[in-house]
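Quick note on labels: first sequence line is chain A, next is B, and so on, each numbered from 1.
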Amino acid sequence: MSVFIDDSTRLVVQGITGRDGSFHAKQMIEYGTKVVAGVTPGKGGQRFETGVPIFNTVVDAVRETQANTTVIYVPPPFAADAMMEAADAGLSLIVCITEGVPVLDMTRVYPYVKARGARLIGPNCPGLISPGSSKVGIIPGRICAPGPIGLVSRSGTLTYEVVYHLTRAGLGQTTCVGIGGDPINGTNFIDCLDAFERDPATKAVVMIGEIGGTDEQDAARFVKDTMKKPVVGFIAGQTAPPGRRMGHAGAIISGSAGTAAEKIAAFEDAGMGVAKRPIDVVDLVRQRAR
Amino acid sequence: MSVFIDDSTRLVVQGITGRDGSFHAKQMIEYGTKVVAGVTPGKGGQRFETGVPIFNTVVDAVRETQANTTVIYVPPPFAADAMMEAADAGLSLIVCITEGVPVLDMTRVYPYVKARGARLIGPNCPGLISPGSSKVGIIPGRICAPGPIGLVSRSGTLTYEVVYHLTRAGLGQTTCVGIGGDPINGTNFIDCLDAFERDPATKAVVMIGEIGGTDEQDAARFVKDTMKKPVVGFIAGQTAPPGRRMGHAGAIISGSAGTAAEKIAAFEDAGMGVAKRPIDVVDLVRQRAR
Amino acid sequence: MNIHEYQAKEIFRTHGIPIPPGGVATTPAEAEALARRYASTVVVKAQVHAGGRGKAGGVKLAKTPEETRDIAAKILGMHIKGLTVHKVLVTPAADIATEAYVGIIVDRASKRAVFMVSPAGGIDIEEVAAKTPDKIMRLPVDPVYGLLPFQALQMGLFLYADIKQARAAAKIMQQLYAAFWASGASLAEINPLVTTPSGDVVALDAKMVIDDNELDRRPELALLRDETAEDPAEVRAREAGLTFIKLDGNVGCVVNGAGLAMATMDLVKYYGGEPANFLDIGGSSNPDKVVAALQIITSDPHVRAILFNIFGGITRTDDVANGIVTATKASPLRVPIVIRLTGTNEEVAVKILQEHGFSAMTEMDAAVQRAVELATAGARA
Amino acid sequence: MNIHEYQAKEIFRTHGIPIPPGGVATTPAEAEALARRYASTVVVKAQVHAGGRGKAGGVKLAKTPEETRDIAAKILGMHIKGLTVHKVLVTPAADIATEAYVGIIVDRASKRAVFMVSPAGGIDIEEVAAKTPDKIMRLPVDPVYGLLPFQALQMGLFLYADIKQARAAAKIMQQLYAAFWASGASLAEINPLVTTPSGDVVALDAKMVIDDNELDRRPELALLRDETAEDPAEVRAREAGLTFIKLDGNVGCVVNGAGLAMATMDLVKYYGGEPANFLDIGGSSNPDKVVAALQIITSDPHVRAILFNIFGGITRTDDVANGIVTATKASPLRVPIVIRLTGTNEEVAVKILQEHGFSAMTEMDAAVQRAVELATAGARA
């Protein structure tokens, strides 16, 4: 069992003939993901190296292949359009890997996608993986293993670091979700926590946050009020100086809301285990998931 | 009993200090409508001639008077904003009398109002009246009488003509609704037919249509499929030449859809009584509503 | 409000749509000068607010400036669907590989602007819709998002297999939508959108209808109105704030409200008569409007009887009565008049009329019957 | 991207916002000339990307051109929050009746642009928010409808009881929203928006932050970047495609990914060290980036040890290894280096490093501990 993606996931790759798109399409196919179609306008009718059919539009791809999920690797100026095209074509899960999407574009994309009933993950995210079943995005498959832990993170490589420790310690994952660090994204911590709480295979959840915004605090309240499963958290940026951007557009400390200290306090108040170092996640999960 | 408005209607008049707004505000107050507030920006804090308090904004009016309905008499360039302001302020019924609202404005107003859960009647409509209880708009009160007939119409003075015949024949009305003749309006025939079907006091319904569009045909299908109460219809424009506008922006025959003949055929197919002349409505109602 | 092809093309051009050059001529000499300037075969196109100009002989090719002059001389002054041609557009003839149709209309059902595109262009789109509906793609535009790039490309790909042409068409559709929205249009159309043998995508014709309700806030568009291209009586009516449409019968109708006006026409027909016009004086009760309405109706030589049908709501019937008195004093009527009025200030109105020798009726059916009788008698006399 | 007050004012002016005239001077003589032109008391304002300019002495009144020159001489070259003042804005002093605050920010929680307005302007809005929250009105803007007229008027009426001033402010808010959206801004602010004794509503200050992600498609805005107003190392990093922020410690960090970079800094601190910087080489594995990163870090004299922490996903660790080899060949390191890499092509990377005399570690904690030890030892030496 897993959340958002599993064996029934039938994937479109938007931008499949681009540099990143073609590389990761092959990686996903190797991992076992059912990549059923690619989209590149003007290359409709051709086939991708692996034989996957290419279409001009997402709606064509969906009609011909009954795809239900898409992953987007198109350049930033076209990403907003790609997300809206996917939602319009009726896909229920849209994963946007593209980094550098203007935030004002996202203010329009978000309500568009939502009104059409689709779930958006990202943009500027590593995607997600349900180990042993399906991988959508760029999370390296070999650092993951199937198991009972759900993981949700705003970060990319920091996620890998934590997953690497978990897997090495024998704590496999139901699903690892990278929600992305942009100020406006489609899926937040609470959406994922809620999904993990409902997923019978998930026994414990790891949440990896960052400075900036109040999503982690809101998530902590959700953990406190609603969740029965144990949750372990980590916050990156405890030593970041206030008021400076640390790469992610979202990691701005605005006013008094968003410091690492506040977030850690919220985690503690929710009775979560709080890891001081990434590696500490392992012991905390072991203690609580027994 | 009645539909949309009754004794619990608490009305705001947007544009209460204008020429039309002040005239009809007085008419409505005389009729017994609970006019609780007026809105004219810059005149907040003053009072209308009858003592009704005036506010700068609709949200102020709602906060102070618990109004639930508004009627709009502002000039066409400001009507779209007035409708959106009313919806944003949480009013559940918005009646826009203003004639000459650009149709592209309405393409934006319609989804805005709908998303906020309000019912819009109009624009370019005479409003509605629940005889003996409440009048919102400009339908002359003295031609109406309380009774068991529901009436819905795309027209203004033609509605009066029919109501006049009904009242004189002793057939009073639960509610008369003028939905307006513009190409895009907030409430259509089906919305009203549905409300009349559910209203226990309404025993029969009169529907007055016009050439142009397919609303009457859609309504006929609704009558056929859903309604148990008898419905009598009349279509104006049987002799209108195709392709010419007859005053109402909506009365354009586009392609083959929208002629009087088509609409009358649809009414007959639905088993409705179809009046040849306005006055014939009376006998048809009498035959069917016994 | 209809505008001419050359005016629509000017608007489309300012939004970047590729359109061949062209100039307007009101005389054969001007047309000849334009043909000389373009130094190629030209098309001479009648500028009238009517469809089917080609079939009516209003669109012709001319190989030389001299031929252009002769053809312009024939088209200028021509009558197409009752309208006189006062202007021709002269434009270089284009080599055409394919013809497509692109249009936007406001759709009542979806309450949105809707694109209709078809690779079968150059002909009547209603015909395509009826015979080969699968050759038409309909795409409703979400008014708050506008036409999105992927939607424009979907339509471009529906028209053209070649991705370059599809992208060019998509760009034109974005531009057309921008022109449509910026002009407060209720229709904007390119028919045909052509590809040239070298592969370019170009708009060869342009049509646009502006929502009359937009003209107050877009005075620059109101200036585009060509009153020489309209019926003079309709122009006069509009200036007086009336809605008037000339018809072929002999019962002149003056009514308040469009629905009631149509029902009145229907009733004239029901009782065996023929309405001479549709005339709606609207909701306001300005006596001047009534005067203007009577002037317009009496200037039609076919009118044998005049019928007023006024149901006073906002309209004050006494204002209407005063208008009738004023107008008939200024120029006495030569045809009988039947006045039906009821509603606001009815008693005052009846008194005014009686004092001036008119009688008033209160029932619509009786009034219409009477007017039809009088018109029929008048026609026989 | 931060832009200067005078640049933001220029953008606001093109959107119609009423702003007093002003000119930029880079020398006292230029400032004097501007004061002479305005022929009135002027305000001389330091143009730096830092708040609290007034408190820092960067904003001064000058009554005469001579005084303007003297004050400009003092402010130019001044350091405010570590940034050197290279430009001053000279603008006529305005008579002020009231001061208000108007700002727009992108709000994560509502996923919308949100207006914040307050009649208590001219001071720090965070202070107003903390002490008198009822004096702030927040209004989220529906991104697909934009700021609607009634919303703008609601805010105008929140600021001013006078309807004329409320309407003037509403218009300014519409214009500010248009400027915000057209510029791809993440923040736009007028503080203070003032009324003059004669009742006019005027913007006296202007601030705007542009979303870096917008600059590719808005090259005209990218030109507004003033690199003299930034840390030179950060400018160099940006040009190399790196994200770099200078800090006060002595452990230079090179990491792929922002989250991992922050976690690495945290771990440096956890083990008793102090990070010298935040540096994210991003996802791409271009060896040139690694070379640039090493150059930037080694140019900081405080750095006592360098720590690489690379978790290869998209990033190929062999590319990173090659970058390290190239960079250290060109200019040998004078401080110790600790390399942790794992992930994509790890075996190749380790081999490359070993061939060139470097050793590589696989565990983050061990690598950070080692780097802290080396830096501490280096600092002691």
Side-chain angles (χ1 to χ4, degrees), chain B residues 12 14-18 37-46 54-64 67 70 72-91 94 96 98 101-102 104-118 120, chain D residues 16 98 100 102 104 107 109-119 133-178 181 193 195 198-201:
Chain B
V12 178
Q14 286 175 259
I16 196 168
T17 57
V39 170
T40 297
K43 300 200 175 167
Q46 303 180 17
I54 302 177
F55 298 91
N56 281 326
T57 65
V58 179
V59 73
D60 285 351
V62 171
R63 194 190 329 104
E64 299 299 325
T70 184
I72 295 171
Y73 294 97
V74 308
F78 311 109
D81 192 52
M83 290 182 256
M84 296 202 267
E85 180 180 2
D88 195 65
L91 292 167
I94 300 166
C96 183
T98 309
V101 181
L104 292 183
D105 282 8
M106 286 310 301
T107 63
R108 285 164 53 89
V109 168
Y110 180 79
Y112 188 93
V113 168
K114 203 174 171 194
R116 280 149 189 84
L120 171 66
Chain D
T98 66
V102 173
I104 316 175
D107 176 53
S110 62
K111 300 183 197 287
R112 294 181 168 193
V114 173
F115 265 90
M116 300 221 304
V117 303
S118 172
D134 56 311
K135 281 200 177 154
I136 292 183
M137 177 173 175
R138 279 173 51 94
L139 192 141
V141 181
D142 187 326
V144 294
Y145 283 92
L147 180 66
L148 296 167
F150 77 86
Q151 296 175 317
L153 188 59
Q154 277 172 6
M155 292 191 285
L157 287 162
F158 185 75
L159 298 184
Y160 305 116
D162 179 75
I163 187 71
K164 265 183 61 187
Q165 291 184 340
R167 285 199 198 279
K171 191 172 171 194
I172 289 170
M173 286 183 255
Q174 296 270 22
Q175 292 161 331
L176 185 67
Y177 184 77
W181 195 271
L193 179 74
T195 56
S198 61
D200 293 332
V201 183

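- Using a 4.5 Å cut-off between heavy atoms, Tyr112(B) contacts chain D through both its backbone and its side chain.
- Residue contact with chain B, scored on non-hydrogen atoms closer than 4.5 Å, involves the side chain of Leu157(D) exclusively.
- In this structure, CG in Asp142(D) is found 5.5 Å from CZ in Arg116(B), a value given to the nearest 0.5 Å.
- A 4.5 Å side-chain heavy-atom check between Arg167(D) and Pro41(B) finds at least one atom pair inside the cut-off.
- The greatest number of non-hydrogen atom pairs below 4.5 Å with chain D, out of Gly44(B), Pro111(B), Ala80(B), Gly45(B), is found for Pro111(B).
- For chain B, no part of Asp162(D) is nearby; none of its heavy atoms comes within less than 4.5 Å.
- Side chains of Leu148(D) and Arg108(B) form a contact here, defined as non-hydrogen atoms less than 4.5 Å apart.
- Separation of atoms CD (Gln151(D)) and CG (Asp81(B)) is listed at 8.5 Å; rounding is to 0.5 Å.
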